[in-house]
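Worksheet for the structure shown next.
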Amino acid sequence: MTVRRLGITLALGVALTAASCSSDTADQAASDATSAASSVAGEAGDAVSEATDDTTSEPTDAPVQELLLTPEEVPSMPMQAADPAMLAQAVANMELPEGMEITFDPPECADAADTNAALARDVEDGGLAALMGGGESAPAMYTVQVLRTSVPFDEYQSNWGSCENVVFEGQALGMRGTSTSTDAPEIDGADEVLARISDTQVDSVLGEGGQMKSLVYMTEVRGVKVVGGAMTAPGAGGELGPEAEAALTDLMTQQVAKINDAA
């Protein structure tokens with residue numbers, strides 16, 4: 001997939017991170033995964049619990065790049081940081097050309113279904129950092145993003161809450177699917193977590209036909225938003241089952257703990 005096509009697809013519910021990387025980088029991250037995604041639990045989870053014992057709820061003004069997990073802090077899941085310059089370019093290019101728009105039903109629920117595009121329109125300059133990677137136990141890619149936006153979290157909360165089920169279609173793009181509100185996990189150190197799952201059919205007009213499933217978790221901690229996503233690639237035939245949900249929850253938990261523990 002090209003950067004543009006991958007960005008369009010992931011905007012429907014998962015990773016703005018992947019839009020900032022070349023297709024070769026994304027494919028390599030997935031194919032080189034050498035450990036099960038769900039194995040992030042265990043010792044890492046114990047460390048997270050200890051780290052959150054003495055945290056603060058006061059807003060932090062630390063740069064998002066310093067708040068983001070490093071690949072070394074997620075040893076059980078091969079991860080890499082998105083290049084800041086390419087990430088900024090991906091944010092700037094989220095708008096689709098005329099005639100290639102994605103329609104949503106109901107229309108007012110576009111921001112709920114098109115999560116990352118909605119966030120990208122309001123992200124502050126230099127206010128987005130992202131990590132991406134994959135796990136061997138499921139054909140899925142994972143991402144975690146830390147960002148600052150001008151929109152209060154409760155606006156996203158209200159929008160997602162009133163948009164339980166959304167149907168979307170990009171006729172010129174050869175994609176259609178559904179975005180549905182789903183139960184969110186409890187994450188230590190986060191007061192409220194939003195969750196959506198999307199099921200997208202991608203036709204061969206994009207070059208790679210097949211079904212893509214995605215899961216997004218979103219929360220806000222100390223004034224910064226945290227978005228985590230898991231996605232199966234079109235045609236991979238994978239399902240986002242309990243292992244993927246657990247891996248994404250663990251990734252979000254580690255990220256929230258790092259923000260809560262920051263100065």
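Just so we're clear, the structure is a prediction, and the values are computed from it rather than from any experiment. Both backbone and side-chain heavy atoms feed into the values below; hydrogens, waters and symmetry mates do not.
- The distance from the CE atom of Met218 to the CE atom of Met252 is 9.5 Å, given to the nearest 0.5 Å.
- The side-chain heavy atoms of Val224 and Leu147, taken from C-beta on, include no pair separated by under 4.5 Å.
- No hydrogens or angles considered: a donor-acceptor pair under 3.5 Å links the side chains of Thr149 and Lys225.
- Note on Val167 and Val202: separate hydrophobic clusters, where clusters join Ile, Leu, Val, Met, Phe, Trp and Tyr whose side-chain heavy atoms are under 4.5 Å apart, directly or indirectly.
- The residues Lys258 and Glu73 are annotated as salt-bridged, a charged nitrogen and a carboxylate oxygen being separated by less than 4.0 angstrom.
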**Message:** For Asp199 and Gln211: C-alpha separation, side-chain torsions, deciding distance, then whether side chain to side chain contact (heavy atoms under 4.5 Å, CB included) applies.
**Reply:** CA-CA 7 Å; Asp199 191 342; Gln211 193 173 35; 2.8 Å; yes
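- The closest donor-acceptor contact from the side chain of Ser158 to the backbone of Asp154 lies at 3.5 Å or more, if one exists at all.
- Going from atom CG of Leu69 over to atom CE of Met79 covers 8.0 Å, rounded to the nearest 0.5 Å.
- Checked against side chain to side chain contact (heavy atoms under 4.5 Å, CB included), Ser181 has the following partners two or more places apart in sequence or in another chain: Glu164, Arg196.
- With values rounded to the nearest 0.5 angstrom, Thr249 atom OG1 is found 8.0 Å from Leu215 atom CG.
- Summarising the geometry of Val146 relative to Val64, their closest heavy-atom pair is O-CB, 3.8 Å, with the distance given to 0.1 Å.
- Side chain of Ser162 to main chain of Asn159: a donor-acceptor pair is present (N/O by atom type, distance under 3.5 Å, no hydrogens or angles).
- Between the side chain of Asp203 and the main chain of Met175, no donor-acceptor pair closer than 3.5 Å is present.
- Minimum interatomic distance between Gly229 and Leu248 (heavy atoms only, all atoms of both residues): N-CD1, 3.5 Å.
- Here the side chain of Arg222 pairs a donor or acceptor atom with the backbone of Ile259 at under 3.5 angstrom.
- Interatomic distance, OG1 of Thr253 versus CD of Glu186, reported as 10.5 Å (0.5 Å rounding).
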**Asked** Going through the distances and angles, do Val151 and Tyr156 end up as a side chain to side chain contact (heavy atoms under 4.5 Å, CB included)?
**Response** CA-CA 8 Å; Val151 180; Tyr156 291 105; 3.5 Å; yes
**Asked** What do the steps show when you test Trp160 against Asp111 for side chain to side chain contact (heavy atoms under 4.5 Å, CB included), and what is the final call?
**Response** CA-CA 8 Å; Trp160 285 33; Asp111 282 355; 6.0 Å; no
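- Shown here for Glu108 and Cys163, the closest heavy-atom pair between the two residues is O-SG, 4.4 Å.
- A donor-acceptor pair under 3.5 Å is absent between the side-chain atoms of Thr182 and the main chain of Ala195, judged by distance alone.
- The minimum heavy-atom distance between Ser179 and Ala112, with the atom names listed, is OG-O, 4.3 Å.
- When every heavy atom of Glu192 is checked against every heavy atom of Thr219, the shortest pair comes out as O-OG1, 2.6 Å.
- Taking CG of Leu240 as the reference point, atom OG of Ser198 lies at 10.0 Å (rounded to 0.5 Å).
- Shown here for Phe104 and Ala110, the closest heavy-atom pair between the two residues is CD1-CB, 3.5 Å.
- Counting only heavy atoms from C-beta outward, the side chains of Arg176 and Thr200 never approach each other to under 4.5 Å.
- From Tyr142, atom OH reaches atom CE of Met132 across 12.5 Å, with rounding to the nearest 0.5 Å.
- Without hydrogens or angle criteria, Gln255 side chain to Leu67 main chain gives a donor-acceptor distance under 3.5 Å.
- A distance-only check finds a donor-acceptor pair linking the side chain of Thr143 to the backbone of Leu131 [under 3.5 Å].
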**Message:** Please determine whether side chain to side chain contact (heavy atoms under 4.5 Å, CB included) holds for the pair Val144 and Leu68, giving the CA-CA distance in whole Å, both sets of side-chain angles, and the decisive distance to 0.1 Å.
**Reply:** CA-CA 8 Å; Val144 64; Leu68 181 70; 4.2 Å; yes
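- Looking at Asn260, its side chain does come within 3.5 Å of a backbone N or O of Gly189 through a donor-acceptor pair.
- Both Ile197 and Tyr217 are assigned to one and the same hydrophobic cluster, defined by single-linkage of ILVMFWY side chains at heavy-atom distances under 4.5 Å.
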